[in-house]
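One structure is given below, encoded as C-alpha cells.
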Amino acid sequence: MQEKTYTFFQNVYDVVRQIPEGRVTSYGAIAKYLGMARSSRMVGYAMNAAHELPDVPAHRVVNRNGLLTGKHHFSTPFEMQQLLEKEGVEVKDDQVLNFKQLSWNPTEELKL
DNA sequence: CCTTTGACTCACT
DNA sequence: CAGTGAGCCAAAG
C-alpha cells in the first residue's frame, strides 16, 4: 500500500466527499480539520485538481464568507450556483443564503 | 533545485 | 465600516 501516496489533496477530497447534500463548508474549516488552518489556500488549490473527480462536490465548498469565490473556475460561473440551488441551497449574488445555518463543520461532525 | 502561483484568511489603515 | 496588503503552505513549472 502506498500510504505515503496520500497527499494533502487526497485528504481534502476525502473530506469534501463527506459533505452532505444541501450543505456547504468553507476552505478554512476543511484545512483546520486537516490540521492546516493556515493552508486554506491549498484547499482551494486541491479542488482545482478535484475537477476530474466526480465524487468531489467542489460546488459545496465556498470561502468563509459563504461567497462562491470558485465559481469562476467552473465550466461556467453559473454552474456552481445552479448546483447549489439544485440541492436546496439558496444562492443570491454569488453568496450562499443562510450560509451560517448550512455551514457544515467537519471538525465537529467528523470529530470523534 | 529554485521560482511562481493560487477556488483563502487575518490584520491593519 | 470598508478596502487593501501581506502571510502562509504546498504543489506544479
Side-chain angles (χ1 to χ4, degrees):
Chain A
M1 292 288 281
Q2 313 94 316
E3 55 284 305
K4 189 171 184 178
T5 314
Y6 275 98
T7 56
F8 181 76
F9 283 47
Q10 290 287 342
N11 221 332
V12 174
Y13 305 148
D14 191 49
V15 178
V16 176
R17 266 193 225 117
Q18 294 174 70
I19 300 176
E21 187 177 296
R23 285 277 203 260
V24 288
T25 188
S26 53
Y27 303 95
I30 299 172
K32 188 175 182 179
Y33 173 70
L34 298 175
M36 305 188 211
R38 288 164 181 162
S39 308
S40 42
R41 307 173 87 183
M42 310 293 71
V43 179
Y45 204 86
M47 302 255 84
N48 197 3
H51 254 272
E52 311 214 2
L53 303 180
D55 285 72
V56 181
H59 61 270
R60 291 183 191 155
V61 185
V62 294
N63 70 346
R64 94 153 192 85
N65 290 320
L67 194 73
L68 281 58
T69 50
K71 69 165 192 175
H72 209 221
H73 283 257
F74 276 73
S75 310
T76 59
F78 306 98
E79 173 120 17
M80 191 173 190
Q81 181 173 333
Q82 298 238 339
L83 285 167
L84 286 171
E85 291 185 320
K86 190 176 179 183
E87 299 197 352
V89 179
E90 297 179 81
V91 180
K92 179 72 177 236
D93 193 38
D94 302 334
Q95 183 182 298
V96 178
L97 303 183
N98 308 322
F99 168 67
K100 187 178 180 182
Q101 184 182 354
L102 297 172
S103 63
W104 177 76
N105 294 335
T107 314
E108 296 191 2
E109 298 294 321
L110 300 178
K111 183 180 66 176
L112 304 182

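Note that these values count all heavy atoms, side chains included, but never hydrogens, waters or copies made by symmetry. Throughout, protein chains are lettered first and strands after them, A, B, ... in sequence-line order, and every chain is numbered starting at 1. Note that the coordinates shown come from a computational prediction; the quantities given were computed from them, not determined experimentally.
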**Report entry** Value in whole Å for how far the P atom of dG7(C) lies from OH of Y27(A)
**Finding:** 23 Å
Tabulated below should be each protein N or O lying under 3.5 Å from an N or O of nucleotides 9-11 of chain C; please produce it.
residue, atom, partner, partner atom, Å
dC9(C), O4', S39(A), OG, 3.4

Query - Nearest non-hydrogen partners of V61(A) and M47(A), listed with the distance - result: CG2-SD, 3.8 Å
Query raised in the report: Do H51(A) side-chain and dA7(B) base share a donor-acceptor contact under 3.5 Å?
Result: yes
Requested in this report: Scan N63(A) against the nucleic acid and name what it touches under 4.0 Å (heavy atoms): base, sugar-phosphate only, or nothing.
Outcome: sugar-phosphate
Report summary line: Closest non-hydrogen atoms of V24(A) and F99(A), given as atom of the first, atom of the second and distance, are CG2-CD1, 3.6 Å
Report task. Inspect the surroundings of CD in E85(A) and state if more than 12 heavy atoms from other residues, nucleotides or ligands are less than 6.0 Å away. Result -> yes
Query raised in the report: Which pair of heavy atoms, one from R64(A) and one from S26(A), lies closest together, and at what distance?
Result: CA-CB, 3.7 Å
Report summary line: Against the side chain of S40(A), the closest entry in dA7(B), dC8(B), dC10(B) is dC8(B)
Query raised in the report: How close do L110(A) and Y33(A) get, heavy atom to heavy atom, and via which atoms?
Result: CB-OH, 3.7 Å
Report summary line: note: R64(A), atom CZ; dA7(B), atom C1'; distance rounded to Å ~ 16 Å
Query - Touch class at under 4.0 angstrom, heavy-atom based, for A31(A) against every strand present - result: nothing
**Report entry** Nearest-Å distance for atom pair CG/C1', residues L67(A) and dG3(C)
**Finding:** 15 Å
Query - Where at least one partner belongs to residues 40-53 of chain A, residue pairs that pass side-chain hydrogen bond (donor to acceptor under 3.5 Å, both in side chains), sequence neighbours excluded - result: none
